[in-house]
Asker: 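Got a structure here, written out as structure tokens. Questions coming.
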Amino acid sequence: MPGKIWFVGAGPGDPDLLTVKGRKLLEAAGAVLFAGSLVDQAATLFSPPGCEIRDSKDMTLEEMSAWLIERAARHATVVRLQTGDPGLYGALIEMTRPLTAAGIEWAVVPGVSSAMAAMAAAGETLTLPEVTQTVILTRVAGRTPMPPGEELEALAAHKTTLCIYLSITLLHKVQDALRAAGWAEDAPILVVQKASWPGEEKIVRGTLADIKRRCQDAKIASQAMIVASPTLGAADWPELIRSKLYDPTFTHRFRKATETQND
Ligand code: SAH
């Protein structure tokens, strides 16, 4: 019986942000294939002595599948460790299809995505009542084209929270798209590099007009999340619309209103 291959989300970088399930799998792993420099710490911190650990950064997809299949023949638990969540820009299905074809069992363990880690690092929220209740996780076209209808300009027209992956070197494209969608020059933009990395995280706050210069000044050219959102800075707003869930006048399944609404 071949072993099982687990696609484990390592989280954004801080090994403490790996899930308990992911950590248990690493502790039981006979072999770990990890994605580049972003997650090596988690792989080496938690995997047992004697575990085969391999960086996939110089491997093709075919080589990775072959490596995983070969290890599954020898180990009960094989881990493919990926940054953030494996289902976001993780080539997950490309990797699982050859495993299914080879009759090897696999499963996915979700991870904390860098969009969540970036907002957490900055003390910001992805949604706010009556401001925006929608989050779009996207990127701009680089070598990978965007499918029709998903151009950032079209998505930005919704004026929701936009978490933009893989695009820090294309910040000018992000600016152009937001402008074309009608975002103001003083709209707040957040960039977080290496969110959650102990001692290496950089948080840059700016506006649509100056975010590129601020990122240049901070020497941020890789591993960064761009967030454009009408929620940014809400911690300092003079007034806030409260969440109905915690409002004393609002009754819900778990709590009866303790005050009556007076509007
Ligand atoms: N699966 C990952 C995304 C992989 S694509 C996830 O869920 O987060 C790689 C992109 O993710 C980078 O270009 C960057 O935009 C973002 N990213 C990954 N780790 C990051 C971190 N610690 N801080 C900020 N952005 C990060």
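In this text the structure is predicted, and so the values were computed from the model without any measurement.
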Asker: To the closest 0.5 Å, what do you measure between CD1 (Ile164) and CG (Leu171)?
Answerer: 8.5 Å
Asker: Can you confirm whether the side chains of Ser113 and Tyr165 place a donor and an acceptor under 3.5 Å from each other?
Answerer: yes
Asker: Using a 4.5 Å cut-off on heavy atoms from C-beta on, say whether the side chain of Thr125 contacts that of Met119.
Answerer: no
Asker: Compare all side-chain heavy atoms of Cys163 with those of Leu126 and state whether any distance is below 4.5 angstrom.
Answerer: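 Counting from C-beta outward, Cys163 and Leu126 do come under 4.5 Å.
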Asker: Please check: side-chain N/O of Gln193 versus main-chain N/O of Ser222, any donor-acceptor pairing under 3.5 Å?
Answerer: yes
Asker: Provide the closest heavy-atom pair for Leu33 versus Ser56 in the form atom of the first, atom of the second, distance.
Answerer: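 Smallest interatomic distance, heavy atoms only, reads CD1-CB, 3.8 Å.
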Asker: Any carboxylate oxygen within less than 4.0 angstrom of a Lys/Arg side-chain nitrogen, looking at Arg205 and Glu124?
Answerer: yes
Asker: I need the minimum non-hydrogen distance between Ala224 and Ile220, along with the two atoms involved.
Answerer: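 Minimum heavy-atom contact is CB-CG2, 3.7 Å.
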Asker: Side-chain contact, heavy-atom cut-off 4.5 Å: Thr132 with Thr231?
Answerer: yes
Asker: Between Phe46 and Val79, does a side chain to side chain contact (heavy atoms under 4.5 Å, CB included) hold up when you go through it step by step?
Answerer: CA-CA 12 Å; Phe46 303 128; Val79 171; over 6 Å; no
Asker: Quick check: is Ile93 connected to Leu61 through a chain of hydrophobic side chains (ILVMFWY, heavy atoms under 4.5 Å apart)?
Answerer: yes
Asker: If you measure from the Lys or Arg side-chain nitrogens to the Asp or Glu carboxylate oxygens, is any gap between Glu52 and Arg74 under 4.0 Å?
Answerer: yes
Asker: Where do Asp85 and Val112 land on the side chain to side chain contact (heavy atoms under 4.5 Å, CB included) test, with the steps shown first?
Answerer: CA-CA 6 Å; Asp85 182 81; Val112 176; over 6 Å; no
Asker: Quick one: CD on Glu151 to CE on Met146, what's the gap to the nearest 0.5 Å?
Answerer: 7.5 Å
Asker: Using the rule that two of Ile, Leu, Val, Met, Phe, Trp, Tyr join whenever any of their side-chain heavy atoms come within less than 4.5 Å, decide whether Tyr89 and Met95 are in one cluster.
Answerer: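 No.
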Asker: Group every Ile, Leu, Val, Met, Phe, Trp and Tyr by side-chain heavy-atom contacts under 4.5 Å, then state whether Val192 and Leu88 land in the same group.
Answerer: yes
Asker: For the hydrophobic clusters of this structure (ILVMFWY residues joined by side-chain heavy atoms under 4.5 Å, transitively), does one cluster hold both Leu232 and Ile211?
Answerer: no
Asker: Whether the Thr161 and Ser229 side chains hold a donor-acceptor pair (N or O, under 3.5 Å, no angle test) is what I'd like checked.
Answerer: yes
Asker: Looking only at non-hydrogen atoms, find the nearest pair between Asp14 and Pro198 and report the distance.
Answerer: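 Heavy atoms only, the tightest pair is CA-CD, 4.4 Å.
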Asker: Under a 4.5 Å cut-off applied to non-hydrogen side-chain atoms, are Pro12 and Leu17 in contact?
Answerer: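 Yes, at least one pair of side-chain atoms sits under 4.5 Å.
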Asker: Evaluate Leu208 against Arg179 for side chain to side chain contact (heavy atoms under 4.5 Å, CB included), listing each step before the verdict.
Answerer: CA-CA 8 Å; Leu208 179 52; Arg179 286 186 177 118; 3.8 Å; yes
Asker: I'd like to know if the side chain of Glu70 and the backbone of Trp67 have a donor-acceptor N/O pair within less than 3.5 Å.
Answerer: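 No: the side chain of Glu70 does not pair with the backbone of Trp67.
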Asker: Using side chain to side chain contact (heavy atoms under 4.5 Å, CB included), reason through Thr44 and Ile53 one step at a time and then give a plain yes or no.
Answerer: CA-CA 8 Å; Thr44 48; Ile53 302 176; 4.1 Å; yes
Asker: Could you state the interatomic distance from CD1 (Ile136) to NE2 (His158), rounded to the nearest 0.5 Å?
Answerer: 5.5 Å
Asker: Are any side-chain N or O atoms of Lys202 and backbone N or O atoms of Lys194, one a donor and one an acceptor, separated by less than 3.5 Å?
Answerer: no
Asker: Please report the interatomic distance CD1(Ile5) to OG1(Thr96), rounded to the nearest 0.5 Å.
Answerer: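 Going from CD1 on Ile5 over to OG1 on Thr96, the span is 10.5 Å.
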Asker: Count the heavy atoms of every other residue, nucleotide or ligand shown that sit under 6.0 Å from CZ of Arg97, and state whether that count exceeds 12.
Answerer: no
Asker: Shortest non-hydrogen contact from Leu92 to Gly87?
Answerer: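 Closest heavy-atom pair between Leu92 and Gly87: CD2-CA, 4.3 Å.
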Asker: Determine whether Ile226 and Leu190 make a side-chain contact, defined as any pair of heavy atoms from C-beta on separated by less than 4.5 Å.
Answerer: no
Asker: Do the side chains of Lys4 and Glu105 get close enough for a salt bridge, i.e. N-O under 4.0 angstrom?
Answerer: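 A salt bridge is present here (some side-chain N lies under 4.0 Å from a carboxylate O).
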Asker: Can you check whether Glu63's main-chain N or O pairs, donor with acceptor, with Thr60's side chain at less than 3.5 Å?
Answerer: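 Yes; judged by distance alone, with no hydrogens or angles, the pair exists.
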Asker: How long is the straight-line distance from CZ of Phe34 back to CD of Gln82, given to the nearest 0.5 Å?
Answerer: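 Answer rounded to 0.5 Å: 13.0 Å.
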Asker: Can you check whether Gly22's main-chain N or O pairs, donor with acceptor, with Thr19's side chain at less than 3.5 Å?
Answerer: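 Confirmed, Thr19 side chain pairs with Gly22 backbone.
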Asker: Does any part of the side chain of Leu162, heavy atoms only, come nearer than 4.5 Å to the side chain of Leu178, both counted from C-beta?
Answerer: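 The answer is yes; the side chains approach within 4.5 Å.
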Asker: Where do Glu153 and Ala181 come nearest, in terms of heavy atoms and distance?
Answerer: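 Closest pair (atom of Glu153, atom of Ala181, distance): O-CB, 3.5 Å.
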Asker: Taking everything shown except Lys173 itself, do over 12 heavy atoms lie less than 6.0 Å from its NZ?
Answerer: yes
Asker: Please examine the side chains of Leu128 and Trp237, heavy atoms only from C-beta on, and report whether any two atoms are closer than 4.5 Å.
Answerer: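 When only atoms from C-beta onward are counted, Leu128 and Trp237 do touch, with a gap below 4.5 Å.
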Asker: Once you measure the plane-to-plane angle for Trp106 and Phe7, does it fall in the parallel (<30°), tilted (30-60°) or perpendicular (>60°) bin?
Answerer: perpendicular
Asker: Between Asp55 and Ala35, what is the shortest heavy-atom contact and its length?
Answerer: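 Closest pair (atom of Asp55, atom of Ala35, distance): OD1-C, 4.3 Å.
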Asker: Would a hydrophobic clustering, with Ile, Leu, Val, Met, Phe, Trp and Tyr connected at side-chain separations under 4.5 Å, put Met64 with Ile104?
Answerer: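 Yes.
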Asker: Distance check, rounded to the nearest 0.5 Å: Ile189 atom CD1 versus Asp210 atom CG?
Answerer: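 Reported to 0.5 Å precision, the distance equals 9.5 Å.
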Asker: Side chains of Thr134 and Thr127, heavy atoms from C-beta outward: is any pair under 4.5 Å?
Answerer: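 Thr134 does not reach Thr127 side chain to side chain.
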